[in-house]
There are 2 protein chains.
Amino acid sequence: MSQTWNQHVVKKENKALVLETIKEKAPISRASIAQVTGLNKGTVSSLVSELIDEKLTNESGTGESSGGRRPVMLLLNETAGYTISIDLGVKSILGVLTDLRGNILHEKRTLFNNNNVEEVLHLLYKLIDELGVAAPDSEYGIVGIGVGVPGGVVTTEGEILLAPNLGWKKVPLSQLLSEKYQVPITVENEANAGAYGEKVYGVGQLSSELVYASVGIGIGVGLILDGKLYRGLRGFSGELGHMTIEKDGAVCRCGNKGCWELYASEQALLKQAEKNGYVNATVEEIVIAANNGEANAINMLAQLGDYLGGVGITNIIHIFNPEQVVMGNTLQSAEKFIMPAIEKRIENNAIGFNKNDVQLNMSKLKKHSTVMGMAAFTIESFYITRGNERVTIS
Amino acid sequence: MSQTWNQHVVKKENKALVLETIKEKAPISRASIAQVTGLNKGTVSSLVSELIDEKLTNESGTGESSGGRRPVMLLLNETAGYTISIDLGVKSILGVLTDLRGNILHEKRTLFNNNNVEEVLHLLYKLIDELGVAAPDSEYGIVGIGVGVPGGVVTTEGEILLAPNLGWKKVPLSQLLSEKYQVPITVENEANAGAYGEKVYGVGQLSSELVYASVGIGIGVGLILDGKLYRGLRGFSGELGHMTIEKDGAVCRCGNKGCWELYASEQALLKQAEKNGYVNATVEEIVIAANNGEANAINMLAQLGDYLGGVGITNIIHIFNPEQVVMGNTLQSAEKFIMPAIEKRIENNAIGFNKNDVQLNMSKLKKHSTVMGMAAFTIESFYITRGNERVTIS
DNA sequence: TTCCCTTTGTTTATTCACTAGACAAACTTT
DNA sequence: AAAGTTTGTCTAGTGAATAAACAAAGGGAA
């Protein structure tokens, strides 16, 4: 059944609206908030005074007069609390400490070779502890920990993590962190987090229909539909890496045939490189070779762009009619060599209307897409749950 | 900017909630509504009396006592108004007259050979007029006309229809109908409407993540995500018929290569049939041949199922992690021969988690999926806009 | 039958959040 | 200095929901 509506809900929503307005347009006066939101001046005054009591916003000095009494400017109190946000990769862990506006205060990357669960968890705990110590004193302290992971998070049966690329199955990461740290924990797929990061802090801030393709060892896709992250029934949407693009193609480890990521990923590139005599090369080395003008390297990257743009991304454009497609993760370093191929393929292959609507970009946050997405999740849920507490208390 | 919240909104939402409850659980008493929704008995009483004044609900007689005073049962007044809902196909127009619960009172199909815009519009107007005459007298009369069309509806620049399969481009259908009939008009893609029809009245009533594949001359897909129809940025989502499934495949008329609908549609089947000596055959004839045990026909249908299930629908399952995939339109007549192939392919090719979540069904409404979807749109918007009028008046 | 208990639906008093408008403070312009 | 503006607070009033009392209409047992 749907929710019932009463005055408590009205107040909660209006308060959230005022806070959101301050967040977006700070510094801003009470009078301007009233005008922008359509709320009455008195209502805004009363809600703002509660927000100040809760330390969520601050009065800074007075602003410029526009012919009358000077306005008192309000600021978001972005140092009322901090988030710890993690990108758990297959070779390294990236952790950042952010304030409530998503400013990064502290950052650390830890490399590892041993994928063993206990080993990696130990490093993860160490990293979290270090970031926690780095947090300044504040009203709310650490408001949550978010971890982006290279795999699926099953939300039934209590958030269990499955990460084949890490060799992990059924790790109850969320539960483990909840027990160790008494703060809200969010665990989310790396591509989903990346999509949200680009939407909130990156190149997608103006788009509400955005597809983020994380092209790394495999391909993961995060979907922002109608301004919100779309997870599917149980969080397994976006397995576009395992979309068939060659119906009788090679067999993938997923059991399907002709999967996109067999043709257009780091894995695919390195396999091709092996054939062309680049033994045990890395993506960076191939990009350097291309920069040095080696035809083989340039061609390999262009072909990768063909497979990315001409098939997978064209399909994405047809399926979702998105406003924006953002590409991120490790293949971003080859931008210079793959983008022209991608753009050309989309120009040639995509249907007119869908093609004209879409804007294609490389990630703006680069290595930070995932951590910033996790920070956004944590911050958003902090503001929402604080609102709910207030309602039930009053 | 977001919406501001006040008591008017609260009342409007609660009234909608009460009406929704009556719609779903009729016959139901005021006391039960209060218990189900969590609203106060007095509140429910007052809202119900307004709904009765507006003729949207009725008191029927008293129900059975459960040890005290007998309850007065409330019913939805489904004959307070009627919708005219149309499925504009490439060879025929199907029109129905429905009441506010979606019961079909009158139905007519008109065939045509000449795709000329004026010609078809003339037939459409005639059909609408006939259905309008058939509507009984009622409080609100015809509350809206909805037309499902075989093409895209561009919502910018005032709802222009593009229907390549009809040979139409840039027909302002919505505007034409608005001028001729002074009631709310909805024009929507046939697959989108079919998806909503199955969600509201068909086999998808319990699912909120549903993908509807309309397999006819081409393939169109309607997406129900998070319980709502997903249209993409400008209404062009769901062009999955033009998803590449063979990267170096045949060129499609859309300009892309290896599109799904080249392998798995009526068009594809008939082309194959031609090769196998079934000259100028129809789908029905091939199904009859299969029923008569002709191996060629059986094999062609099985192969069609392979392409449907093993590639396209498997991709859908990986992309969306849906709760349900529903197939409809003309190919439904071949259900018996294609379903086993589809199911087998999905079993073999789809990734475990996504596969286990999904349920595969043929359309329940069959030829009526699209018209019922249009009826659902019209009815829903009637109830919503009536609510808004009330708010601005009071 | 009669009396008591239940259940339903209405009525009344109260609460709560928002709005309109008055007002004071602080500033600019003439 | 006087007049007009803008900001922010305060007060009275309104509308919608809730809680609780109450009336109406039933059932069940002695």
Side-chain angles (χ1 to χ4, degrees), chain A residues 2-18 21-22 27-53 57 59-74 387 390-394, chain B residues 2-18 21-22 25 27-53 57-74 387 390-394:
Chain A
S2 196
Q3 153 179 37
T4 61
W5 301 77
N6 57 34
Q7 306 166 74
H8 294 284
V9 178
V10 169
K11 182 167 181 183
K12 184 186 118 190
E13 295 291 340
N14 281 336
K15 202 161 154 184
L17 177 61
V18 169
T21 307
I22 294 173
I28 187 173
S29 68
R30 290 169 175 78
S32 300
I33 295 174
Q35 213 189 357
V36 169
T37 60
L39 289 167
N40 183 277
K41 286 193 298 174
T43 306
V44 171
S45 249
S46 127
L47 292 175
V48 164
S49 85
E50 286 187 28
L51 289 170
I52 290 176
D53 286 347
T57 184
E59 287 184 335
S60 73
T62 54
E64 281 304 295
S65 161
S66 60
R69 173 175 164 179
R70 280 187 181 159
V72 177
M73 300 316 252
L74 298 166
R390 281 280 138 178
V391 164
T392 51
I393 287 166
S394 66
Chain B
S2 194
Q3 151 179 40
T4 61
W5 301 77
N6 56 34
Q7 305 167 74
H8 295 284
V9 179
V10 169
K11 181 168 182 182
K12 183 186 118 192
E13 294 290 339
N14 280 338
K15 201 160 153 183
L17 178 61
V18 168
T21 307
I22 293 173
K25 317 218 163 169
I28 187 172
S29 69
R30 290 168 175 79
S32 300
I33 295 174
Q35 213 189 357
V36 169
T37 61
L39 290 167
N40 183 277
K41 285 194 296 173
T43 307
V44 171
S45 249
S46 127
L47 293 175
V48 164
S49 83
E50 288 187 27
L51 289 170
I52 290 176
D53 286 348
T57 185
N58 278 335
E59 286 185 336
S60 73
T62 54
E64 280 304 294
S65 161
S66 60
R69 174 174 164 179
R70 281 189 183 157
V72 176
M73 301 314 254
L74 298 165
R390 281 281 139 178
V391 164
T392 51
I393 287 166
S394 66

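First the proteins, then the strands, lettered A, B, ... as listed; each starts at 1.
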Nucleotide dA17(D), atom P - distance to NE2 of His8(A) in whole Å: 13 Å
Minimum heavy-atom distance between Ser65(B) and Gly67(B), given as atom pair plus value: OG-N, 2.9 Å
Reported CD1-to-CE distance for the pair Ile28(B) and Met73(B), which is rounded to 0.5 angstrom: 7.5 Å
Asn14(B) side chain to Leu17(B) backbone, donor-acceptor under 3.5 Å: no
Pairwise side-chain contact, Leu74(B) with Ile33(B), heavy-atom cut-off 4.5 Å (strictly under): yes
Which nucleotide in dT19(C), dA17(C), dC27(C) has an atom nearest any side-chain atom of Ser65(A): dC27(C)
Length of the line joining Gln35(A):CD and dT5(D):C1', which is rounded to integer Å: 14 Å
Interatomic distance, Leu47(B) CG vs dT10(C) P [rounded to whole Å]: 12 Å
For atom CD of Glu64(A) and atom P of dT7(D), their distance in whole Å: 13 Å
Asn6(B) side-chain N/O to dG15(D) phosphate OP1/OP2 under 4.0 Å: no
Rounded distance in Å - CD1 (Ile28(B)) to P (dT8(C)): 11 Å
Angle by which the axis turns from one end of the helix from dT1(C)-dA30(D) to dT30(C)-dA1(D) to the other, five pairs per end, to 10 degrees: 10°
Atom pair distance, as rounded to whole Å: NZ in Lys11(B) and C1' in dC16(C): 17 Å
Verdict with supporting geometry, Val48(A) and Val18(A), side-chain contact (heavy atoms from CB on, under 4.5 Å): CA-CA 8 Å; Val48(A) 164; Val18(A) 169; 4.0 Å; yes
OP1 or OP2 of dA17(C) under 4.0 Å from side-chain N/O of Asn14(A): no
Integer-rounded Å distance: dT19(C) P and Gln7(B) CD: 9 Å
Pairs where residues 27-42 of chain A contributes a residue and the test salt bridge (charged side-chain N to carboxylate O under 4.0 Å, His left out) is met, not counting sequence neighbours: Arg30(A)-Glu59(A)
Atom pair OG1 (Thr21(B)) and CD (Gln35(B)), whose distance is rounded to the nearest 0.5 Å: 12.5 Å
Minimal non-hydrogen separation, Ser29(A) against Pro71(A), with atom names: CB-CB, 3.5 Å
side-chain contact (heavy atoms from CB on, under 4.5 Å) evaluation trace for Lys11(B) with Leu47(B): CA-CA 8 Å; Lys11(B) 181 168 182 182; Leu47(B) 293 175; 4.0 Å; yes
Nucleotide-resolved protein contact map, nucleotides 8-13 of chain D, B/S/- at heavy-atom distance under 4.0 Å: BBB---
